[in-house]
Amino acid sequence: MSKFTEKVLEVVNKIPKGTVASYGQVSLIAGIPRAALQVGWILHQYGETTPWWRVINNAGRISTKCIEHHASLQKKHLEAENVKVTPKLKIDIEKYRWRPNPNELKKLKLDEKYLEEVLNTYSL
DNA sequence: GCTATGACAAGGA
DNA sequence: CTCCTTGCCATAG
């Protein structure tokens, strides 16, 4: 298991119940911007130990296609946490977006440049 | 080390 | 809003 993989799982595990994050957001916080695709790949493999359903794409859509992790299952998980999902699998991501607080981010030992980007993009 | 692949992102049509 | 194209980058083989 690579460093990046561990980081991704760590980050996903920090996503609070009832909130969601985009793949890009997770990859950035995990230390590698634009590795969103890999995040999806990792969740596909290690999803059993992480709240994978709290990660969706930036367009606010559920994009899993795989059989075991079907979109309807993800929808079910989210609605169980009070996150509304339309019949078309659309979510108001900005409304439920996880906005990590600076103190929490420091524990992840994120590089200065990325930390700043995270705060600018996803924090208040 | 090189190519193909993908639960993505962003911008244009 | 939806569909398509490009850019991305860690893994697998």
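So that the names make sense, note that chain A is the first sequence line, chain B the second, and so on, each numbered from 1.
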Fill in: Inter- and intrachain pairs under salt bridge (charged side-chain N to carboxylate O under 4.0 Å, His left out), touching residues 70-86 of chain A, at least two apart
A:Arg54-A:Glu81, A:Lys75-A:Glu79
Discussion item. Applying side chain to side chain contact (heavy atoms under 4.5 Å, CB included), can you list everything that pairs with A:Ser2, at least two apart in sequence or on another chain?
Written reply: A:Phe4, A:Thr5
Worksheet item: Who passes side-chain hydrogen bond (donor to acceptor under 3.5 Å, both in side chains) against A:Thr50, sequence neighbours left out?
Response: none
Practice prompt. Name the first nucleotide and the last nucleotide along DNA chain B (5' to 3') that come under 4.0 Å of a heavy atom in chain A.
Written response: B:dG6 to B:dA10
Worksheet item: Over how many whole Å does the gap from A:Asn57 atom CG to C:dC3 atom C1' extend?
Response: 14 Å
Worksheet item: Any side-chain heavy atom of A:Ser63 sitting closer than 4.5 Å to one from A:Ile56?
Response: no
N/O contacts under 3.5 Å, protein versus nucleotides 5-7 of chain C?
none

Under 3.5 Å, which donor-acceptor pairs link side chains of residues 110-124 of chain A to any protein atom two or more places apart or in another chain?
{"residue": "A:Asn120", "atom": "ND2", "partner": "A:Glu116", "partner atom": "O", "Å": "3.2"}
{"residue": "A:Thr121", "atom": "OG1", "partner": "A:Glu117", "partner atom": "O", "Å": "2.7"}
{"residue": "A:Ser123", "atom": "OG", "partner": "A:Pro100", "partner atom": "O", "Å": "3.3"}

Worksheet item: Restricting to pairs with a member in residues 93-103 of chain A, which pass salt bridge (charged side-chain N to carboxylate O under 4.0 Å, His left out), not counting sequence neighbours?
Response: A:Glu94-A:Arg97, A:Glu94-A:Arg99
Worksheet item: Do the side chains of A:Thr64 and A:Gln74 get nearer than 4.5 Å, heavy atoms only?
Response: yes
Discussion item. Is the shortest side-chain heavy-atom distance between A:Lys14 and A:Trp98 below 4.5 Å?
Written reply: yes
Distances under 3.5 Å between nitrogen or oxygen atoms of protein and nucleotides 10-13 of chain C:
{"residue": "C:dT11", "atom": "OP1", "partner": "A:Ser2", "partner atom": "OG", "Å": "2.1"}
{"residue": "C:dT11", "atom": "OP1", "partner": "A:Thr5", "partner atom": "OG1", "Å": "3.1"}

Fill in: Member of A:Val55, A:Leu105, A:Ile29 meeting the side chain to side chain contact (heavy atoms under 4.5 Å, CB included) criterion with A:Val11
A:Ile29
Response to the item:
salt bridge (charged side-chain N to carboxylate O under 4.0 Å, His left out) pairs touching residues 22-48 of chain A, sequence neighbours excluded, are none
Worksheet entry | Which residues share a ring pair (Phe, Tyr, Trp, His ring centres under 6.0 Å) with A:His77, sequence neighbours left out | A:Trp52, A:Trp53
Worksheet entry | Which residues share a ring pair (Phe, Tyr, Trp, His ring centres under 6.0 Å) with A:Trp41, sequence neighbours left out | none
Discussion item. Tell me which residues in residues 8-22 of chain A lie within less than 4.0 Å of DNA chain B, going by non-hydrogen atoms.
Written reply: A:Ser22
